[in-house]
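Just so it is clear: chains get the letters A, B, ... in the order the sequence lines come, proteins before strands, and each one is counted from 1.
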2 protein chains.
Amino acid sequence: MINWEPERPIWEQVAEIIQRRIEDGTYPPRTPIPSVERLQQEFEVGRNTARHVVKHLADEGFVRPVPSLGTFVLPRADEE
Amino acid sequence: MINWEPERPIWEQVAEIIQRRIEDGTYPPRTPIPSVERLQQEFEVGRNTARHVVKHLADEGFVRPVPSLGTFVLPRADEE
DNA sequence: CTATATTTGTGCGTATGTATG
DNA sequence: ACATACATACGCACAAATATA
């Protein structure tokens, strides 16, 4: 079981964890973050919640989902 | 057309049918159950629903999916 | 040896229904 | 009324391994 903060949406808390992993290099640029299904399993959330996380990270410009392939970490501007 | 009971999920009803066939020997141990595509066709369900059925049966220990080969009926302990 | 078909695995996209706060 | 969360159910495409023609 995961102790989510009750004050904020779970998707937001998951998104922050993934974002942190992107920033600390756990998920390097041009590599895929865990799939929606993996996120579901690791964080014990539903599919829509996991997808919301990915969509948020994509909207924020951290990742780009590629159909049939995965969701890839975008390189920073100075790493382009 | 198939008359599914509206009260329960379709995947559950399909899984029960397959499980019954395993138990009555229609699908003997070490032989494959119908592929996902065959399940789709026979029960007129979508791929994800058919896969859900297989995953459920695998989680319950009735079958083991083998990539590229099929999903095989596991032998019971006393038949091992 | 090559080409095709089969089968599971893995991705994303979409919609609906239900429940909760 | 709305946002959040989950379950169900449909769709598509491609990858990888295997079997077969």
Look at A:Ser35 and C:dC12 and indicate whether a side-chain polar atom (N or O) is within less than 4.0 Å of OP1 or OP2.
no
Heavy atoms only, 4.0 Å cut-off, all strands: where does B:Val66 land among base, sugar-phosphate and nothing?
sugar-phosphate
Take atom CD of B:Glu37 and atom P of C:dG9, then tell me their distance rounded to the nearest Å.
15 Å
Nucleotide C:dG9, atom C1' - distance to CD of A:Gln41 in whole Å:
13 Å
Minimum heavy-atom separation for A:Trp4 to A:Gln13, with atom names?
CE3-OE1, 3.5 Å
Let me know the distance between NZ of A:Lys55 and P of D:dA3, rounded to the nearest Å.
14 Å
Give the rounded distance in Å between these two atoms: CZ of A:Arg64 and C1' of C:dG11.
15 Å
Whole angstrom value for the distance that separates P of C:dG17 from CH2 of B:Trp4
20 Å
So B:Val54, base contact, sugar-phosphate only, or nothing? Heavy-atom distance under 4.0 Å.
nothing
Would you classify B:Pro65 as touching base, sugar-phosphate or nothing, given that sugar-phosphate means primed atoms plus P, OP1 and OP2, and contacts are heavy atoms under 4.0 Å?
sugar-phosphate
Got a sec: does the CD of A:Glu37 have more than 12 other heavy atoms crowding it under 6.0 Å?
no
Per-nt protein contacts along nucleotides 4-13 of chain D (heavy atom under 4.0 Å; B base, S backbone sugar-phosphate only, - none) come out as SSBBSSBB-B
Base-pairing mate for D:dA1 - Watson-Crick or G-U, with both contacts under 3.5 Å:
none
